[in-house]
Amino acid sequence: MRTIILSIAIRLLIPLFLFFSLYILFRGHNHPGGGFIGGLIGSIGFIFHAMVHGPQHTVNTFFRINFYGYQHQPTQSRSIYLMRMMRVNRWRKRKRHYLERRNRNRGLLHIEPIDLIAAGLFVATTSGMLGLFLQEPFMTARWVSFYLPFLGRLGTPLLFDTGVYLLVMGIVLKITFVMAEE
Amino acid sequence: MLVAILAGLIVSLSSPALYKMLGKWLFVPMALLPFTLFIYFCAFLPSVLQGHTFTSEYRWVPSLYINLHFYLDGLSIFFALLITAIGTLVMVYAGGYLTGHPLLGRFYLYLSFFMMSMLGLVLSGNIFCMFIFWELTSISSYMLIGFGHENAASRYAALQALLVTGMGGLALMAGLILIGNAGNSYSLSTLLTRQELIQSDALYLPALLLILLAAFTKSAQFPFHFWLPNAMAAPTPVSAFLHSATMVKAGIYLLARFNPIMGGTPEWQLPLLIAGSISAVAGAWLALQQTDLKAILAYSTISALGILVLMIGIGTDKALAAMLAFLLLHALNKCTLFLIAGSIDHATGTRDVKLLQGLGKSMRPIAIAASLVSLSYAGVFPFFGFISKELLYEATLEAESNAPVSFIIVFVSKVASVVIAFVLGYRLFWRTSTAPTVVRHPCGRKLYMPPLVLVFLSLLFGLLPSQLATPLLNSASGAVLSRGIQVDLHLLPKFSMALLNTIFTFIVGYLAYAQHNRLLNVAPRLLPLYNTGPESWYQQAITGLLKGSVKLTSMIQSGYLRSYIAAIVLVHVGLVILSLWGEGPALNISTRLDQLLDVKVYELVLLVLMVGSVFFLFRTRSRLTSIATMGIIGFSVALLYLLFGAPDVSATQFLIETLTVVLFVLVLHRLPPFRFLSHRYRRYKYIILSALFGGMMTYVLLLVKQFPLQSELKAYYGEHGYMLGRGRNLVNVIIVDFRALDTLGEITVLAVTALGIMALLRLRAEKGGKL
């Protein structure tokens, strides 16, 4: 379904969907909203993108983070090598020709929607662990004592909701992408 | 003590990553972990020996009394030291044994996780905590036994061990909860003081049987012994660890731990005596007929475990001290023997006793270790084996009842161990042979140092019994009996029946060794007899289970979505009718008729829209139309939610409807053309079913609204939602704070469902099927 209208529109709409979903996530504690709804809203933008461009393209565009590699020279010291690595990644556009000549795609970080599911579960579980380390029952809520603009008061329930958000987004995207690839 | 367990967990989980960094030096951090823990527990030793106990408690789920509660007394520290000391040596050995194995990192992960869970088991002071660590040992041993998973025998053995010990684990949970209820506490230190309360309770006998079942499955007692010899499919370091300080000793630990709580009654002693005796004799008899080195050792472990259980069954002070001394000896020696068997296997490529000979020259350090440990194992004078054997004989001779029977059983087991000692210490290495077995490569330092260290330890324990072993054993047996006892171990023998018997055992053992070859030749002919043993019962049970589940599945799983829905609806309707039949409250509409008839215009519009869509849905022949119509129904429902004041539910419904439409659109063009496949009468059947369900739901809703809604929970959440949950949206506060654990369960289910959907779709795509 390659339509120009949709493909242009979705490019503008994805940030909107994402910001709106985050807004829904953070307001959830005091007003209608929350992680579940937020996750669903956040995934809609990506789904439309996948409908237009195909799921593989969506994953490549939004879920792939590239780290460019650089061969370690035998005589080179470790710290210089690390600094070189950082510079290569920072100036990666300028140095593209240089990188393509050297070995590409070393240490490429590739995130799939399924990693979002894992991250969501991890975040949700971790939010409960804090209580455990403070000698309190699992999942005891902890709050910080100050307010932040837009976000409200931070605390472990919010972290838990973020986990739900990530997980729901990951699940919806994964299922849709797999079905679309078929 | 949480630190110790957590450190183990972290190190074990990081081992695959460490393997990438360190390569063959991975064994250094992995061996340092148990060694550090060993030092850590040594620091507790002086005060524990004086009779102090240490507890540390971390609240976990206090409302269910599930806490991370650690309890360190004489018995725990005895086991903890054993586990960490042997763990250190096994870790070093494994580095040599599996050098260059691509999955070495994963192997160390399993091994140290196994050690950590065993350590947790012996340290836990809360019975739930104990159960969790017990199950962790089962699971991690499953991973370890099935480490060579390309091998079918390995997978079979792993599954068998998991099923047998898992059954015991379930029994343990039930038994522990019964004990907890009888003793009105779930903490071990409290239960230890409530012996009379528990023993006079009606739950005592069932709890006792369940605990015994758990201990017998874990400690490979007859008739559950068959998993242990099969478990030798694991790499040798695992076998060495499994047979010496961990896993099978967990059952013994359980019995020793619960001896002060449940012991002292005939109900406790009799099963122990019977199971221990049968296992001791059967294990000894079977061990002598094996030609595989590891099988010999595995069966002799069953025999030794039988002796340990028997000693707990006898239950006198002396018997328990003898039990602990023998446990220490067995852990040291059996580990050494397994390590030696592994080194021989590694160097020559075979474990067959008949093929191995004349290894004394080509494997000098291993040969020395083997000979020395065999001396200890056979119970020769300056070694710890001698002291332990004396104690065993004394204990059986002084037993209150059945002294001759238990004496004979110990005697048989000990004769078998003398024969095994001859085979391992003499026959393989020093017997004159014309064609010594070819050694493919010499054993490295990592392969011969651990056995040598262990041999040195058992010599040291033998030479300095009053300094090393006595205090440790006294404090441990004090914990087993819940009162202080004094047993002095001494090296120099007094002239007594026990000494005579020791010498007699040695002579009979030598005579039996002379006949050993003849027995090995006869053994294959006895195989049909053994094939009808408990293992065949296990196999029959497994095949029966598989066949039964195939039948059951074909009966209830038709594969048609419509029959599943019909079944769910019918069961639901049936249950509701059943509960409303008879004394159920009658529906009374007449007083609320005006309230029901007060329908707003927009509600009516939505209703008409929905009903109209439903009828339209029945008539349409286009998929796109039906999806759109279903969307209308869904959005109308969402609007209704909104109108009746549930914005959260409504928003979710809106989004789900949108997503459903999107998903349908994605797959729409792949679906086959729309056809009416069902017969007319079947459609009528489903219409009746739907009407029945709708009518039932309407009736129930009307009935529910008849009563005023009074709920304490509602008031509680309303009151505390803002104060405790710090949120004004009560639904969200409940989801992420008050009932967060439920939500965690739900999102876990969601994640698993997503994985399932993914696997199903991928599987079909690979087979070339169309979606």
Side-chain angles (χ1 to χ4, degrees), chain A residues 1 24 27-37 39-41 43-44 47-48 50-51 113-114 117-118 120-121 124-125 127-128 131-141 143 152-153 155-161 163-164 167-168 170-182, chain B residues 2 57-64 66-68 642 646-652 654-656 658-659 662-663 665-667 670 722 724-729 731-733 735-741 743-744 746-748 750-755 757-762 764-765 769-771:
Chain A
M1 259 204 292
I24 288 286
R27 86 198 279 269
H29 216 59
N30 289 323
H31 309 281
F36 195 83
I37 302 175
L40 288 176
I41 293 174
S43 60
I44 287 174
I47 289 175
F48 276 114
M51 282 172 78
I114 195 155
I117 302 180
L121 264 189
T125 318
S127 76
L132 206 59
F133 284 118
L134 295 170
Q135 288 272 325
E136 275 170 353
F138 184 57
M139 289 276 175
T140 308
W143 297 91
R153 200 189 277 274
T156 53
L158 195 62
L159 201 62
F160 185 83
D161 225 9
V164 175
L167 180 121
V168 167
I171 285 173
V172 172
L173 288 181
K174 186 72 217 177
I175 293 176
T176 332
F177 287 0
V178 167
M179 286 181 101
E181 267 172 22
E182 281 288 309
Chain B
L2 183 66
E57 190 163 359
Y58 300 88
R59 278 147 44 103
W60 191 356
V61 193
S63 43
L64 293 175
I66 300 175
N67 292 322
L68 272 176
L642 198 63
D648 278 293
V649 185
S650 159
T652 314
F654 270 120
L655 289 164
I656 292 291
T658 316
L659 277 175
V662 168
L663 284 180
V665 168
L666 277 179
V667 295
R670 288 164 199 270
Y722 192 67
L724 292 175
R726 314 260 178 112
R728 282 191 295 275
N729 179 4
V731 177
N732 203 58
V733 170
I735 288 176
V736 300
D737 197 347
F738 284 120
R739 314 287 311 170
L741 200 63
T743 315
L744 187 65
E746 279 158 20
I747 60 175
T748 313
L750 260 183
V752 173
T753 316
L755 289 180
I757 290 172
M758 213 173 82
L760 276 176
L761 289 177
R762 284 270 162 84
R764 293 189 55 153
K770 272 184 84 177
L771 186 74

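All chains are named by letter (A, B, ...) in the order of the sequence lines, taking the proteins before the strands, and each is independently numbered beginning at 1. All figures in this text were calculated on a predicted structure; none of them were measured in a lab.
- Atom CG of residue B:Leu659 and atom CD1 of residue A:Ile41 lie 10.5 Å apart, to the nearest 0.5 angstrom.
- Annotation: the span from A:Ser127 atom OG to B:Leu744 atom CG amounts to 8.0 Å, rounded to 0.5 Å.
- Most heavy-atom pairs under 4.5 Å with chain B, from the set A:Leu121, A:Ile175, A:Ile117: that is A:Leu121.
- Looking at B:Glu746, there are no atoms closer than 4.5 Å to chain A (heavy atoms on both sides), in backbone or side chain.
- With sequence neighbours left out, the side chain to side chain contact (heavy atoms under 4.5 Å, CB included) criterion links B:Leu663 to A:Thr176, A:Met179, B:Leu666.
- Heavy atoms of A:Ile37 lying under 4.5 Å from chain B belong to its backbone as well as its side chain.
- If you measure heavy-atom distances from A:Ile24 to chain B, you find no contacts under 4.5 Å at all.
- Checked by atom type and distance alone, the side chain of B:Asp648 pairs as donor or acceptor with a backbone atom of A:Gly33 at under 3.5 Å.
- For the atom pair A:Ile171 CD1 and B:Ile747 CD1, the distance stands at 8.0 Å (nearest 0.5 Å).
- To the nearest 0.5 angstrom, A:Ile44 atom CD1 is 5.5 Å from B:Thr658 atom OG1.
- For the pair A:Ile114/B:Leu755, a side-chain contact is recorded, criterion being any heavy-atom separation below 4.5 Å from C-beta on.
- By the ring-ring contact (aromatic ring centres under 6.0 Å, His included) test, A:Phe48 pairs with no residue at all, sequence neighbours left out.
- Both the backbone and the side chain of A:Thr125 come within contact range of chain B, judged by heavy atoms closer than 4.5 Å.
- Minimum interatomic distance between B:Thr652 and A:Phe36 (heavy atoms only, all atoms of both residues): CG2-CE2, 3.4 Å.
- Residue B:Leu750 touches chain A through both its backbone and its side chain, counting heavy-atom pairs closer than 4.5 Å.
- Highest contact tally toward chain A, considering only B:Thr753, B:Ile66, B:Asn67, B:Val733, is held by B:Val733 [criterion: heavy-atom pairs under 4.5 Å].
- A donor-acceptor pair under 3.5 Å links the side-chain atoms of B:Asn732 to the main chain of A:Gly28, judged by distance alone.
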